[in-house]
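See structure below.
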Amino acid sequence: VFTQSSQGIVQAAEEKVVVDGSELLDGVEEVEAEMIPITKGVYLQTGSSSIGKIGTGKIKVSSTTIAQKQVATIKTAVMVERLVNGSWVSYTSWTATKSNAYSLVTAKEMVVPRGYYYRVCSYHYANSDIGSSNTDALYVN
């Protein structure tokens with residue numbers, strides 16, 4: 001797609017680049033994604049994932065899971081992925097679990113290799129219900 005300015009200069013309009021469902025974002029400091037339900041149930045209310053730049057080569061990743069009511073087990077599995085040669089590969093992951101709770105928040109700050117796009121994929125569990133949230137990707141320079 002090309003646009004023409006008032007001075008007659010033709011410029012290429014920026015197009016979205018999406019790799020495996022995540023838009024590649026440059027110049028953005030933080031992105032968040034809301035949950036998509038995988039199973040239909042009565043326990044899981046919502047969940048979200050976020051990734052943000054907090055310094056040169058440093059990011060903060062978080063995941064929140066909220067139940068409809070107090071549940072026996074609430075859990076989240078967080079995966080940080082890095083785009084390498086056009087494919088998403090696992091950079092790091094962890095899980096967090098609480099018993100007899102309504103909500104769960106887990107977060108980590110980490111230093112990552114610069115010059116890559118990073119995204120967060122989380123699975124949210126409340127008893128037998130499950131959902132997932134996947135962020136778009138941030139470029140870390």
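Everything numeric in this text was worked out from a predicted model, so none of it was measured.
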Using every non-hydrogen atom in the two residues, find where [X] and [Y] come nearest and quote the distance to one decimal.
| X | Y | answer |
| --- | --- | --- |
| Ile51 | Leu138 | O-CD1, 3.4 Å |
| Arg82 | Pro113 | NH1-CG, 3.1 Å |
| Gly86 | Val19 | O-CG1, 3.7 Å |

Could you list the residues that satisfy side-chain hydrogen bond (donor to acceptor under 3.5 Å, both in side chains) with [X], not counting sequence neighbours?
| X | value |
| --- | --- |
| Ser50 | Ser62 |
| Thr64 | none |
| Ser49 | Ser122, Ser133 |

> Can you hop from Met110 to Val89 via hydrophobic side chains spaced under 4.5 Å?
Replying inline: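 Result: yes, single cluster for both.
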> Can Val120 be reached from Val84 by stepping across I, L, V, M, F, W or Y side chains whose heavy atoms are under 4.5 Å apart?
Replying inline: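 In one cluster: yes.
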With a 4.5 Å limit on heavy-atom distance, are the side chains of [X] and [Y] in contact?
| X | Y | result |
| --- | --- | --- |
| Tyr117 | Leu25 | no |
| Lys108 | Thr92 | no |
| Cys121 | Trp88 | no |
| Ile130 | Leu44 | no |
| His124 | Ser63 | yes |
| Gln68 | Val42 | no |

[atom1] of [X] to [atom2] of [Y]: how many Å apart, nearest 0.5 Å?
| X | Y | atom1 | atom2 | result |
| --- | --- | --- | --- | --- |
| Asp129 | Ile74 | CG | CD1 | 10.5 Å |
| Ile59 | Glu30 | CD1 | CD | 11.5 Å |
| Asn127 | Thr73 | CG | OG1 | 6.0 Å |
| Thr65 | Tyr125 | OG1 | OH | 10.0 Å |

Could you tell me which residues satisfy ring pair (Phe, Tyr, Trp, His ring centres under 6.0 Å) with [X], sequence neighbours excluded, listed by chain and number?
| X | answer |
| --- | --- |
| Tyr118 | Tyr91 |
| Tyr123 | none |
| Tyr116 | none |

> Tell me the salt bridge (Lys or Arg N to Asp or Glu O under 4.0 Å) pairs involving residues 65-81, sequence neighbours left out?
Replying inline: Glu81-Arg119
>> Quick test of your reading: applying salt bridge (Lys or Arg N to Asp or Glu O under 4.0 Å), list the pairs with at least one residue in residues 45-59, sequence neighbours left out, ordered by first then second residue.
In response: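 Sorted result for residues 45-59: Lys58-Glu109.
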>> Using the side-chain contact (heavy atoms from CB on, under 4.5 Å) criterion, which residues pair with Ser128? Sequence neighbours excluded.
In response: Tyr43
> Residues in side-chain contact (heavy atoms from CB on, under 4.5 Å) with Glu34, at least two apart?
Replying inline: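 Per chain and number, Glu34 pairs via side-chain contact (heavy atoms from CB on, under 4.5 Å) with Glu32, Thr46, Ser48.
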>> Please check this pair: side chain of Asp20 against backbone of Ser87, looking for a donor-acceptor N/O pair closer than 3.5 Å.
In response: no
> Who pairs with Lys60 by salt bridge (charged side-chain N to carboxylate O under 4.0 Å, His left out), at least two apart in sequence or on another chain?
Replying inline: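 Applying salt bridge (charged side-chain N to carboxylate O under 4.0 Å, His left out) to Lys60 gives none.
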Using residues 96-106 as the side-chain source, report each donor-acceptor pair under 3.5 Å to any protein atom, sequence neighbours left out, with the distance given to one decimal.
residue : atom : partner : partner atom : Å
Lys98   : NZ   : Ser103  : O            : 3.4
Thr106  : OG1  : Trp94   : NE1          : 2.9

